[in-house]
Q: 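Take this structure, written in structure tokens, and hold onto it; I'll ask about it next.
In this text, all values refer to a predicted model and were calculated from it rather than measured experimentally. The figures that follow rest on heavy atoms only: side chains count, while hydrogens, waters and symmetry mates do not. Letters go in sequence order (proteins before strands), and every chain restarts at 1.
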Number of protein chains: 2
Amino acid sequence: MKVLAEPALTEDKAAAAKAAGIGALDGILGFHIRLAHGAVYRHFTETFAELELTQKQVSVLWLVGEDPGVAQIELGNRLRMDRATTMTIVNRLQARGYMKRERSASDGRRQALHLTPAGEAALVQAKACIAAHEAWLKSRFTAEEAEKLVEMLARIHE
Amino acid sequence: MKVLAEPALTEDKAAAAKAAGIGALDGILGFHIRLAHGAVYRHFTETFAELELTQKQVSVLWLVGEDPGVAQIELGNRLRMDRATTMTIVNRLQARGYMKRERSASDGRRQALHLTPAGEAALVQAKACIAAHEAWLKSRFTAEEAEKLVEMLARIHE
DNA sequence: GGATATTTGTATGCTCTACTAACAATTACG
DNA sequence: CGTAATTGTTAGTAGAGCATACAAATATCC
């Protein structure tokens, strides 16, 4: 006869053991990067819910604030976005009055990007939120570990 | 220490220094996680272009292969996806004939997921691609570094 | 036992990110 | 000069994620 009770126990045990686990996937570095990114993404979204800013939007605000007049193509290069993706983000920030485009004097193909006063103000708030977000993220590491982690991640994306 | 104190060539040097840089954003751990994830994502997409599988699809194939009969809600918990997101991925894999749903005998709410023979075959190919992808990713680390990196990333997503 | 809550799957719609392809304007090059 | 490359722009496609609402099955409580 088919053993129905036994497999039930086996199933339970296996289910319990695997309940929080991911099996052999646990050894895959890329998988952990993906999960970690997801966790950071979710916390970022919560942190910036009030400001209604995304990671990319904050990154663009930040870079334009640091380097006024930067061209869209430069933003894309630094943030590893293509031109089309950069467009949609700049469009959104411009529509919200945080950023303005000006044709570059030295190169008519380029759009020089600048923050508006509203954009500057948003950036100040965003940097405070970033600080809180970073504190949450780094709370689980020592200073040495955080530094090592940044250095290793940089080896991946550089 | 101040390295940016030369007035004459400030503009050129700053521009050159910033050409590939991201300024103060470089100190933000979350930013590096995002860039690293993007780099891994792009390489993954290239590696799996032939198989036409995404990271999530491979993860789901993998987990269902390891744990036949697993419920969708379990997949979502393990991969940190909500039910709706899990649905779309399972739907796609089922539409391609890689997976089938069966109502759970012990709990009528659950759908027990199983791989089809085609799904098993796809998983075998996928695992080979994962190995190549992981080799590319880990090539920049020693075994100890990779282990430490996984452990630190796990602290973020656990 | 029966009413009520919870869990799971499903369907729908929205947003953000990313990519491709095509086109126009500008600049660089041979 | 004419041609090629760069930059911005638009339009379309796709994946992933989330929120909401609903239905069916199960669990819980009185």
Q: What integer distance in Å separates A/I73:CD1 from D/dA5:P?
A: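 In whole Å, D/dA5 P and A/I73 CD1 are 15 Å from each other.
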Q: Enumerate the salt bridge (charged side-chain N to carboxylate O under 4.0 Å, His left out) contacts for residues 33-48 of chain B, please, sequence neighbours excluded, ordered by first and then second residue.
A: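 Matches after skipping sequence neighbours: none remain.
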Q: Tell me the salt bridge (charged side-chain N to carboxylate O under 4.0 Å, His left out) pairs involving residues 85-104 of chain B, sequence neighbours left out?
A: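 Qualifying pairs, neighbours excluded: none.
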Q: State, yes or no, whether a side-chain contact exists between B/I130 and A/F31 at a heavy-atom distance under 4.5 Å.
A: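 Side chain of B/I130 against side chain of A/F31, heavy atoms only: no contact under 4.5 Å found.
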Q: Give me each pair satisfying salt bridge (charged side-chain N to carboxylate O under 4.0 Å, His left out) with a member in residues 50-60 of chain A, each pair once, sequence neighbours excluded.
A: none
Q: Could you tell me if B/T88 and B/N91 have a donor-acceptor pair between their side chains, going purely by distance under 3.5 Å?
A: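 Side-chain D/A pair, B/N91 to B/T88: absent.
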Q: Filter on side-chain hydrogen bond (donor to acceptor under 3.5 Å, both in side chains), then keep only pairs touching residues 127-136 of chain B, sequence neighbours left out; what's left?
A: B/H43-B/H133, B/E134-B/K138
Q: By nearest heavy atom, map A/R42 and A/Q72 onto DNA chain D; which one lands nearer the 5' end?
A: A/Q72
Q: Are A/L25 and B/S59 side-chain neighbours, meaning at least one heavy-atom pair lies under 4.5 Å?
A: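 Yes; the side chains approach each other to less than 4.5 Å.
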Q: Do any of residues 52-65 of chain A sit with a heavy atom less than 4.0 Å from DNA chain D, and if so which?
A: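 The answer is none.
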Q: Quick one: side-chain hydrogen bond (donor to acceptor under 3.5 Å, both in side chains) pairs with a partner in residues 108-120 of chain A, sequence neighbours left out?
A: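 Pairs touching residues 108-120 of chain A that pass the test: A/D107-A/R109.
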Q: Using the test side-chain hydrogen bond (donor to acceptor under 3.5 Å, both in side chains), find all partners of B/T86 that sit at least two apart in sequence or belong to another chain.
A: none
Q: Mind calculating the distance between CZ (B/F44) and C1' (D/dA16) to the nearest angstrom?
A: 14 Å
Q: Please tabulate the protein-to-nucleotide N/O contacts below 3.5 Å involving nucleotides 19-25 of chain D, giving atom names and distances.
A:
from	atom 1	to	atom 2	distance (Å)
D/dA25	O3'	B/G108	N	3.3

Q: Starting at CE of A/M87 and ending at P of D/dT6, how long is that distance when rounded to a whole Å?
A: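 To the nearest whole Å, that distance equals 19 Å.
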Q: When you match B/A71 and A/Y41 each to their closest nucleotide on DNA chain C, which lands nearer the 5' end?
A: B/A71
Q: How many Å lie between CE on B/M81 and C1' on D/dA16, as a whole number?
A: 10 Å
Q: Which angle, to the nearest 10 degrees, lies between the helix axes at the two ends of the helix from C/dG1-D/dC30 to C/dG30-D/dC1, each defined by five pairs?
A: 30°
Q: Between D/dC18 atom P and A/H43 atom NE2, what is the distance in whole Å?
A: 15 Å
Q: If Ile, Leu, Val, Met, Phe, Trp and Tyr residues are connected whenever their side-chain heavy atoms lie under 4.5 Å apart, and connections chain through other members, are B/I156 and B/M81 in the same group?
A: no
Q: Any non-hydrogen side-chain atom of A/L153 less than 4.5 Å from a side-chain atom of B/L29?
A: yes
Q: Does any pair with a residue in residues 49-108 of chain B pass ring pair (Phe, Tyr, Trp, His ring centres under 6.0 Å), and if so which ones, sequence neighbours excluded?
A: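 Sorted result for residues 49-108 of chain B: empty, none.
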Q: Could you give the start and end, 5' to 3', of the contact zone on DNA chain C for chain B, using atoms under 4.0 Å from its heavy atoms?
A: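 Contacts span C/dT6 to C/dC19, reading 5' to 3'.
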Q: Nearest whole angstrom, please: distance from the P of D/dG15 to the CG of B/L93.
A: 11 Å
Q: Taking atom P of D/dC18 as reference, at what distance in whole Å does atom CG of B/L79 sit?
A: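 Nearest whole value for this atom pair: 13 Å.
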Q: Measure CZ/B/R92 against C1'/D/dT13 and give the value in whole Å, please.
A: 12 Å
Q: Tell me, which pairs form a side-chain hydrogen bond (donor to acceptor under 3.5 Å, both in side chains) where one or both residues lie in residues 147-157 of chain B, sequence neighbours left out?
A: A/H32-B/H157, A/E145-B/K148, A/E145-B/R155, B/E151-B/R155
Q: With a 4.5 Å cut-off on side-chain heavy atoms, are A/V40 and A/H37 touching?
A: no
